[in-house]
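Only one structure is covered here, and it is reproduced in the block below.
Position 1 is the first residue of the sequence; numbering continues from there.
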Amino acid sequence: MAGRQAVKAYLDLLSQPCRAVLIFLKHNKIPHTVELVALRKGQHKTPEFSKLNPMQKVPVLDDNGFVLTESDAILKYLATTYNVPDHWYPKLPEKRARVDEYTAWHHVNTRMHAATVFLQEVIFPNMGQPTNPAKFKKALTDLDGTLDMLENMFLKRKPFLCGDDISLADLLAVCELMQPMCSGRDVLKDRPKLLSWRSRVQSALSDSFDEAHSVVYQIRQKFTAKL
């Protein structure tokens, strides 16, 4: 887009939605720069960042002075503003509605339950708080129910969650389901349909997938070395 500067993305790559935004930018070759915001160091609470996003959360996108928060909104904005393939967020109302259907469901299902498993197994123990067995068991049960819905309602017999091509739904989902890998836990290991789906998503995203998830692989290596 002539006359426009590269978008600036404020990200912490331990954050699942931040990884989704970075993958989308890289894979679609949208000119961008990345400003890393280390949540563990409280950099999201500085006066400068709080002015940018009073909610003190990442990701944040700054597109030539237009500042946007929330990964769902950011990804849909990028998909509709920049020259990217239509399959990411289709223009056809019925196909777009399928992506919206998943993303509306995603936040209190895939995201919530996979993140809770990660918090209980990795983050809390790292902060000196032991894993709560009852809460951890419930988180695994809740995530199992979510995986059932992913498999039986969204994926069914399709290659991707919303049809024959990868979409924003797949990108958001796969980044969340990679998070428990930080402890070496593959939540899809006993689900061949979802394993095949993840493999297709990873293949479609090529190098951008592994580049964005390098932090997950590094944490997994350190975590499993302690066991």
Inset, instruction - Hey, can you tell me if W105 and F154 have their rings parallel, tilted or perpendicular (30° and 60° cut-offs)? - result: tilted
Enumerate, atom names and distances included, each donor-acceptor pair closer than 3.5 Å involving a side-chain atom of residues 35-45, sequence neighbours excluded.
residue: Q43; atom: OE1; partner: A38; partner atom: N; Å: 2.8

Legend entry - Crowding at CD, Q129 (>12 non-hydrogen neighbours, <6.0 Å): yes
Inset, instruction - Would you check if L161 and L150 make a side-chain contact, meaning some heavy-atom pair closer than 4.5 Å? - result: yes
Inset, instruction - Consider only side-chain heavy atoms of I, L, V, M, F, W and Y, link residues closer than 4.5 Å, and tell whether M112 and L14 are in one cluster. - result: no
Legend entry - Between CD on residue E70 and NE2 on residue H107, distance to nearest 0.5 Å: 7.5 Å
Legend entry - Donor-acceptor pair, side chain of N126 and main chain of V122, under 3.5 angstrom: no
Legend entry - Atom pair CG (D63) and CG (L68), whose distance is rounded to the nearest 0.5 Å: 9.5 Å
Inset, instruction - State plainly whether the residues D186 and R198 are in salt-bridge range, i.e. N to O under 4.0 Å. - result: yes
Inset, instruction - Report, as yes or no, whether the 6.0 Å neighbourhood of atom NZ on K76 holds more than 12 heavy atoms from other residues, nucleotides or ligands. - result: yes
Inset, instruction - Spell out, as yes or no, whether a donor-acceptor pair under 3.5 Å connects the side chain of D62 to the backbone of A9. - result: no
Inset, instruction - Find out if a path of hydrophobic residues (ILVMFWY) with successive side-chain heavy-atom gaps under 4.5 Å connects M127 to F136. - result: yes
Inset, instruction - Kindly say whether N132 contributes a backbone atom to a donor-acceptor pair with the side chain of Q120 at under 3.5 angstrom? - result: yes
Inset, instruction - Could you point out which residue of Q179, M181, R185, E176 forms a side-chain contact (heavy atoms from CB on, under 4.5 Å) with F118? - result: Q179
Legend entry - Note: R96-D100 ion pair, threshold 4.0 Å (strictly below): no
Legend entry - Interatomic spacing from SG in C162 to CD in E101 - rounded to 0.5 Å: 7.5 Å
Legend entry - Min side-chain heavy-atom separation I23-H213 under 4.5 Å: yes
Legend entry - Sidechain-backbone polar pair: R220 side chain, G184 backbone, donor-acceptor under 3.5 Å: no
Inset, instruction - Flag yes if more than 12 heavy atoms outside K135 fall under 6.0 Å of its NZ atom; otherwise flag no. - result: no
Inset, instruction - Please say whether more than 12 non-hydrogen atoms of neighbouring residues, nucleotides or ligands are located less than 6.0 Å from NZ in K193. - result: yes
Legend entry - Beyond-backbone contact of E151 with L147, side-chain heavy atoms, under 4.5 angstrom: no
Legend entry - Residue pair L25 / I30, side-chain heavy-atom distance below 4.5 Å: yes
Legend entry - For L22 against H32, the heavy-atom pair lying closest together: CD1-NE2, 4.1 Å
Legend entry - Residue pair P159 / W197: nearest heavy atoms and the distance that separates them: O-CD1, 3.6 Å
Inset, instruction - Rounded to the nearest 0.5 Å, what's the gap from CG on L92 to CZ on R98? Could you check? - result: 11.5 Å
Inset, instruction - State whether the number of non-hydrogen atoms from other residues, nucleotides or ligands found under 6.0 Å of N152 atom CG is greater than 12. - result: yes
Legend entry - Under 3.5 Å donor-acceptor, S206 side chain and S203 backbone: no
Inset, instruction - Return yes if some donor-acceptor pair links the side-chain N/O of N64 with the main-chain N/O of Q5 below 3.5 Å, else return no. - result: yes
Legend entry - N28 side chain reached by F24 side chain, heavy atoms, under 4.5 Å: yes
Legend entry - Qualifying residues under side-chain contact (heavy atoms from CB on, under 4.5 Å), relative to T46, sequence neighbours excluded: E48, F49
Legend entry - Pairwise distance CZ(R19) to CG(L171) - rounded to 0.5 angstrom: 10.5 Å
Legend entry - Carboxylate-amine/guanidinium contact R200 D170, below 4.0 Å: no
Inset, instruction - Could you tell me which non-hydrogen atom of K156 sits nearest to which non-hydrogen atom of M153, and how far apart they are? - result: CE-O, 2.9 Å
